[in-house]
Protein chains: 2
Amino acid sequence: MSLKVYLAGPEVFLANAREQLDRKIALTRAAGLVPLSPGDLAIPPQPTKRQLGHAISDIDERLMNDADAIIANLTPYHGLSADTGTCFELGYMCARGKIAYGYTNVLADLRTRAISYYDGQIHVDAAGRLRGADGLMIEDVDMADNLMMQGGIERRGGQVIVHDAVPEALYTDTTAFEICLRLLSDRAAAKT
Amino acid sequence: MSLKVYLAGPEVFLANAREQLDRKIALTRAAGLVPLSPGDLAIPPQPTKRQLGHAISDIDERLMNDADAIIANLTPYHGLSADTGTCFELGYMCARGKIAYGYTNVLADLRTRAISYYDGQIHVDAAGRLRGADGLMIEDVDMADNLMMQGGIERRGGQVIVHDAVPEALYTDTTAFEICLRLLSDRAAAKT
């Protein structure tokens, strides 16, 4: 039986969302896996915006419940870190004991991005912790994003693949995604 | 039996983290609830930074497994949206069927913050979707943050409390947190 993979990421927000989701869906099938993608199911019309939000949340959770694994696109989005919806979904899948992989299209790790966010105005406090000019601690554990995410993935035997995409292809480059597909597919093959 | 509440949020990164975590712990106890807080347990020394990250991830997941509920501080952090570790934790707890509440100390909803992020350079596309100057869609479902989070909370009977804190108290104002405690405590009382 083929592994069902939930494809999490900020692609749903792209101007060419449908095209990019379809590319990822096709690549997943080509790897011998079954894609479950947000946007797969039509959302019935809702009386309010808030209820529309609930309907999408409900459908995406159902897709995740049905999936065996997640590949989370953790490329930074609207800030220092990954898309928050994707982070929620990664936590959701880790809690359900599903297989988890992640990737980012930005080479710089969280520490490096934070230093750049603070324009280098950082310091080490008395306890040896790296802090920004505003006093907030910079996570410094050799990871691409917050340790709950990369820790959640790696502690379950998954990997976070880091790729240096050109800025124009930040959300469309599928190099790292395809590596995740290969790793997942090999893992599924090893089990059978 | 008192409800055990996992206290998720970016407070761990504050310069006065211990003090702020202790304030939230004391408030939780005062509400008749049992606080489980990241930072409660000492992390044994680890050979590498990455392994330290794994050790913290492991301990925080154990605390969550032990908790009956989560209160997530979704105040924007290092960007448009909430702290990504907190989002992971909220998804984790929703997946486990725990009670979930959230709050933010920023009054402006995600749509309003996104419009400000784009300096008002936004447009409506042919399908009626709000988009930033870079073409990325602005989520417009009357919520404080990404719909997976607020949807996950509200669909499980929880609430996201929005409070307008002064900038100096963005991460330390506990007004909204205390409302969440009261709601949780009332809910626990109604069940017994």
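Predicted, not measured: the structure shown is a model, and the values here were computed from it.
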**Item:** Most chain A-contacting option - heavy-atom pairs closer than 4.5 Å, from Ala17(B), Pro10(B), Ala127(B), Ser81(B)
**Value:** Ser81(B)
**Message:** Checking an interface table here. Which of residues 98-121 of chain A come within a heavy-atom distance under 4.5 Å of chain B?
**Reply:** Arg111(A), Tyr117(A), Tyr118(A)
**Fill in**
CD1 of Ile71(B) to CG of Leu33(B), rounded to nearest 0.5 Å, is 7.0 Å
**Message:** Out of Met64(A), Glu89(A), Arg129(A), Glu154(A), return the one with the most heavy atom pairs under 4.5 angstrom to chain B.
**Reply:** Glu154(A)
**Distance in Å, Leu74(A) CG paired with Thr84(B) OG1, rounded so as to fall on 0.5 Å steps** = 9.0 Å
**Asked** Any chance CZ of Arg50(B) has more than 12 other-residue heavy atoms, nucleotides or ligands included, within less than 6.0 Å?
**Response** yes
**Request:** Show your reasoning for whether salt bridge (charged side-chain N to carboxylate O under 4.0 Å, His left out) applies to Arg182(B) and Asp186(B).
**Result:** CA-CA 6 Å; Arg182(B) 207 149 53 228; Asp186(B) 289 351; over 6 Å; no
**Message:** Less than 4.0 angstrom from a charged side-chain N to a carboxylate O is my criterion; do Glu11(B) and Arg23(B) meet it?
**Reply:** no
**Request:** Look at Ala55(B), Gly79(B), Gly91(B), Gly53(B) and state which one has the largest set of heavy-atom pairs under 4.5 Å with chain A.
**Result:** Gly91(B)
**Prompt:** Which residue out of Asp60(B), Leu14(B), Thr48(B), Leu52(B) racks up the most heavy-atom pairs below 4.5 Å with chain A?
**Reply:** Leu14(B)
**Prompt:** What parts of residues 135-153 of chain B touch chain A if we use heavy atoms and a cut-off under 4.5 Å?
**Reply:** Gly135(B), Leu136(B), Met137(B), Glu139(B), Asp140(B), Val141(B), Asp142(B), Met143(B), Asp145(B), Asn146(B), Leu147(B), Met148(B), Met149(B), Gln150(B), Gly151(B), Gly152(B)
**Shared hydrophobic cluster for Ile25(A) and Leu36(A) (ILVMFWY, side-chain gaps under 4.5 Å)** = no
**Fill in**
So, the part of Asn16(A) with a heavy atom under 4.5 Å from chain B: the answer is neither
**Request:** Would you kindly confirm whether Tyr92(A) and Phe88(B) end up in one hydrophobic cluster when ILVMFWY residues are joined by side chain heavy atoms under 4.5 Å apart?
**Result:** yes
**Prompt:** How long is the gap from CG on Leu80(B) to CG on Asp83(A), to the nearest 0.5 Å?
**Reply:** 11.0 Å
**Prompt:** Are Phe13(B) and Tyr171(B) near enough that their ring centres are under 6.0 Å apart?
**Reply:** no
**Interatomic spacing from NE2 in His123(A) to CG in Leu130(A) - rounded to 0.5 Å** = 8.5 Å
**Prompt:** Can Leu27(B) be reached from Tyr6(B) by stepping across I, L, V, M, F, W or Y side chains whose heavy atoms are under 4.5 Å apart?
**Reply:** no
**Prompt:** Using a cut-off of under 4.5 Å for heavy-atom pairs, which of Arg155(B), His54(B), Gln51(B) has the most such pairs with chain A?
**Reply:** Arg155(B)
**Message:** Does this structure show an ion pair linking Arg18(A) with Asp22(A), if we count only N-O contacts that are shorter than 4.0 Å?
**Reply:** yes
**Prompt:** Measuring heavy-atom distances to chain B, does Met93(A) have an atom under 4.5 Å in its side chain, in its backbone, in both, or in neither?
**Reply:** neither
**Message:** Can you tell whether the side chains of Arg62(A) and Asp58(A) come within less than 4.0 Å, N to carboxylate O?
**Reply:** yes
